[in-house]
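Below, all heavy atoms of this structure are taken into account, side chains as well, without hydrogens, waters or symmetry copies. Here is the naming used below: chain letters follow the sequence lines, and residue numbers restart at 1 for every chain. If you're wondering where the values come from, they're calculated on a predicted model, not measured in any experiment.
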Amino acid sequence: MTIQPRLYNGTRDLLPADMLPRERVLAEFRRSFQLFGFAPVETPALEYLEILTGKYGDDEAQLLYRLDYRNDDPARRLALRYDLTVPLARLVALHPELPLPFKRYQLQPVWRADRPQPHQGRYREFMQCDLDTVGSTSLSADAEIVAVCADLLGKLELPGFVIRLNHRRLLGAIVELAGLDADQEGMVCGAVDKLDKVGLEGVRRELGQRGLAEAAVARVLELITLPVDFADPAALAARLADHPAGRQALDELRELHAQLLALGVAGAHLKLDLSLARGLSYYTGPIFETVLPALPHMGSLMGGGRYDGLVGMFLGRDLPAVGATLGLDRILTALAQLRPGAVALTPTRVLVSRSFPETDALALQLAARLRASGVPTEIALEPGKLKKQLAYADKQGIPWVLVLGPDEAAQGLVSVRDMRGGSQQTLALAGLVVDQFS
RNA sequence: GUGGAUGUAGCUCAGUCGGUUAGAGCGCCUGGUUGUGGCCCAGGAGGUCGUGGGUUCAAGUCCCAUCUUCCACCCCA
């Protein structure tokens with residue numbers, strides 16, 4: 001009786017062909033984060049349920065994985081973390097000794113109980129790559145976060161990525177100017193967020209269906225479709241003339257934009273977009289999100305914003321914060337869809353074959369020498385037919401095979417076979433140039 | 001969570017109006033002697049037809065249930 005091997009939907013095994021590109025991208029992430037002075041942390045997969053609840057919005061109850069463990073005691077209920085931002089807020093509140101501003105990055109999986117859609121890079125267990133600055137109200141903190149993300153997306157050669165920028169208080173101003181109550185903001189933003197997907201009429205229909213008066217709908221649509229441009233937001237600014245908070249939010253976005261340009265982010269990647277809303281309820285200031293025009297079915301690859309009230313929920317006093325999340329799995333899915341091609345199955349560059357007892361020790365010594373020079377090297381673990389060893393190298397995509405038999409050994413030589421081209425040459429064993437293998 | 005599909009060999013899929021030992025391509029294994037992969041040739045292994053019921057003389061094929069996976073929406077990474 002064997003147990004049926006199976007995977008929970010929305011989780012996956014990552015094979016070498018998945019992990020090798022993944023590790024490359026992760027290394028790039030770490031490098032960029034540290035280059036901007038962010039330091040790594042990790043937090044537990046498990047948190048007390050009460051830490052996580054009440055932070056994420058309407059669908060939270062449905063999406064949070066609660067653990068069926070000590071469910072009798074409400075104070076001890078546990079859940080799998082849903083993101084890395086709330087655990088960070090909890091961490092900061094628990095470590096008041098940390099010097100501020102605290103700049104940290106965190107690369108860890110999170111869990112969400114929604115319906116998986118692999119083609120959209122959507123899973124129940126997925127890796128989030130977070131970057132946050134806690135303890136600064138400066139717009140430079142916001143700018144830095146966005147700049148790191150732009151830097152990374154550029155390095156990964158994601159074509160034409162667009163960072164949409166908006167401001168929570170600007171959305172609030174629009175709702176007020178449309179003559180609506182503040183408690184309708186969430187609903188309005190939710191509908192407005194779909195503008196680029198369902199179009200103007202789609203948004204109009206949804207707002208109508210949700211009970212908004214026609215006149216109010218018209219005012220909302222008029223405001224969010226105002227021609228907006230960082231360089232010349234005149235029309236919007238005019239409409240906000242009598243709304244100081246909205247006016248200030250717009251000024252903040254313009255300042256953010258100016259700093260991003262100064263930090264070297266290309267203006268073509270930046271777009272002021274009044275329809276960007278974002279569902280997480282903890283955002284309070286500038287918000288941003290990145291999608292790829294080439295892959296409209298894919299959700300956002302990166303998203304974030306300022307959340308000045310979240311840490312205060314744990315600390316008792318507000319501590320400002322701003323951060324972003326990069327979706328590693330989604331980025332890798334996007335890259336695979338945009339640039340399909342052969343992927344490596346192994347890091348091995350050289351296979352040292354073994355078919356001859358009399359030169360076996362010599363072959364092992366050769367492998368040791370290559371490794372000492374930094375060349376990822378395998379030895380044939382089961383000496384035998386050379387044919388099988390070559391077939392193995394071929395299937396694994398190992399580019400070089402070395403053959404060191406009695407013929408070669410007698411003259412101090414080694415045969416070097418190029419598996420991709422199919423050519424082979426015999427070189428002096430002592431003068432082997434390892435550079436050609438790396 | 002809402003709506004729609006799907007399930008036959010490791011993978012991608014055929015399988016007629018229900019009818020006898022369920023097929024193909026790819027992959028895998030062995031061989032085509034003596035130290036050489038890919039291409040070619042010859043052979044071979046591998047299937048509870050997702051699962052459980054039902055209809056029928058007879059079910060991969062029809063009906064019901066269930067599970068699985070996928071797609072769109074919702075939301076987001």
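Among the heavy atoms of the strands, none lies under 4.0 Å from A:Val110. A:Gly422 comes within 4.0 angstrom of a nucleotide base, judged by non-hydrogen atoms across all strands. Among the protein residues, A:Arg420 comes within range of the nucleic acid bases, having at least one heavy atom under 4.0 Å from a base atom. At the heavy-atom level, A:Leu301 lies under 4.0 Å from the strands shown only through sugar-phosphate atoms. As judged by a 4.0 angstrom heavy-atom cut-off over every strand, A:Ala391 is placed among residues touching the sugar-phosphate backbone only. A:Met127 comes within contact range of no nucleotide atom at all, as no heavy-atom separation falls under 4.0 Å. Note on A:Thr325: only backbone sugar-phosphate atoms sit closer than 4.0 angstrom, heavy atoms only; bases stay farther off. Across all strands shown, A:Gln62 has heavy atoms under 4.0 Å from base atoms, whether or not it also approaches the sugar-phosphate.
B:U2 is paired with B:A72 under the criterion used here, namely a Watson-Crick or G-U wobble arrangement in which both key atom distances are under 3.5 Å. In this structure B:C17 sits in no base pair that meets the Watson-Crick or G-U test at under 3.5 Å. Within the shown strands, nothing qualifies as a pairing partner of B:U36 under the Watson-Crick or G-U definition with both distances less than 3.5 Å. With both pairing distances under 3.5 Å, B:C62 is matched to B:G54 as a Watson-Crick or G-U wobble pair. Under the Watson-Crick or G-U wobble criterion, with both distances below 3.5 Å, B:C26 is paired with B:G10.
Between B:G46 and B:C29, the distance separating the two C1' atoms is 11 Å to the nearest Å. Using C1' as the reference atom, B:G15 and B:G47 are 14 Å apart when rounded to the nearest Å. Annotation: B:G60 and B:U56 have their C1' atoms spaced 16 Å apart (nearest Å). Of the P atoms belonging to B:G53 and B:U61, the separation is 14 Å, rounded to the nearest Å. Going from the C1' atom of B:G4 to that of B:U8 covers 23 Å, rounded to whole Å. B:G38 sits 42 Å from B:C67 when the C1' atoms are compared, rounded to a whole Å. Spacing between B:A24 and B:A77 at atom C1', rounded to whole Å, works out to 41 Å. Separation of the P atoms belonging to B:A9 and B:A14 is 12 Å when rounded to the nearest angstrom.
In this structure, the CG atom of A:Leu15 is 14 Å from the C1' atom of B:C11, given to the nearest Å. Atom CD1 in A:Ile398 sits about 15 Å away from atom C1' in B:G38, given to the nearest Å. One can place CE of A:Met187 at 13 Å from P of B:C75, the figure rounded to the nearest angstrom. In this structure, the CD atom of A:Glu206 is 11 Å from the C1' atom of B:C73, given to the nearest Å.
Looking at A:Gln424, its side chain comes within 3.5 Å of the base of B:U36 through a donor and an acceptor atom. Judged by atom type and distance alone, A:Glu408 reaches the base of B:G35 through a side-chain donor-acceptor pair under 3.5 Å.
Of the candidate nucleotides B:A72, B:U36, B:A77, B:A72 has the atom nearest to the side chain of A:His297. Nearest to the side chain of A:Asp59, among B:C74, B:U36, B:C28, sits B:C74. The listed nucleotides are B:C74, B:C28, B:G37; the one nearest the side chain of A:Arg122 is B:C74. When distances are taken from the side chain of A:Leu390 to each of B:C75, B:U36, B:G1, the shortest belongs to B:U36. Ranking B:U36, B:C75, B:A77 by closeness to the A:Lys387 side chain, first place goes to B:U36.
A:Arg66 approaches A:Leu49 most closely through the heavy-atom pair NH1-CD2, 3.4 Å. Scanning all heavy atoms of the two residues, the minimum distance from A:Pro320 to A:Arg306 falls at CB-NH1, 3.7 Å.
Stacking of the aromatic ring of A:Phe356 onto the base of B:G35 is not found under the criterion of centres within 5.5 Å and planes under 30°.
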After noting the C-alpha distance and the side-chain angles of A:Arg164 and A:Glu289, does the key distance pass the salt bridge (charged side-chain N to carboxylate O under 4.0 Å, His left out) rule? CA-CA 5 Å; A:Arg164 305 161 66 203; A:Glu289 181 172 295; 3.6 Å; yes
Determine, step by step, whether A:Trp111 and A:Tyr65 satisfy the ring-ring contact (aromatic ring centres under 6.0 Å, His included) criterion, reporting the C-alpha distance in whole Å, the side-chain angles of both residues, the deciding distance to 0.1 Å, and the verdict. CA-CA 7 Å; A:Trp111 294 267; A:Tyr65 276 106; 8.2 Å; no
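Ring geometry for A:Phe230 versus A:His257: interplanar angle under 30°, hence parallel rather than tilted (30 to 60°). Ring-plane geometry between A:His297 and A:His119 is classed as parallel, the angle between the planes falling under 30 degrees on a 0 to 90 degree scale with a further cut at 60.
Proximity of the aromatic rings of A:Tyr105 and A:Phe33 is defined here by a centroid distance below 6.0 angstrom, and this criterion is met.
Nearest-nucleotide positions on RNA chain B for A:Pro406 and A:Lys388 put A:Lys388 closer to the 5' end. Nucleotides of RNA chain B nearest to A:Glu289 and A:Ser423 differ in position, and the one nearer the 5' end is that of A:Ser423.
No donor-acceptor contact under 3.5 angstrom links the side chains of A:Asn9 and A:Tyr123, judged on distance only. No hydrogens or angles considered: nothing links the side chains of A:Tyr392 and A:Glu382 as a donor-acceptor pair under 3.5 Å.
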Reading nucleotides 66-71 of chain B from the 5' end, what letters show protein touch, with B for base, S for backbone sugar-phosphate only, - for no heavy atom under 4.0 Å? ---SSS
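Side-chain N/O atoms of A:Arg112 include none lying less than 4.0 angstrom from OP1 or OP2 on B:C74.
Shown here is A:Lys388, whose NZ atom has no more than 12 heavy atoms of other residues, nucleotides or ligands within 6.0 Å.
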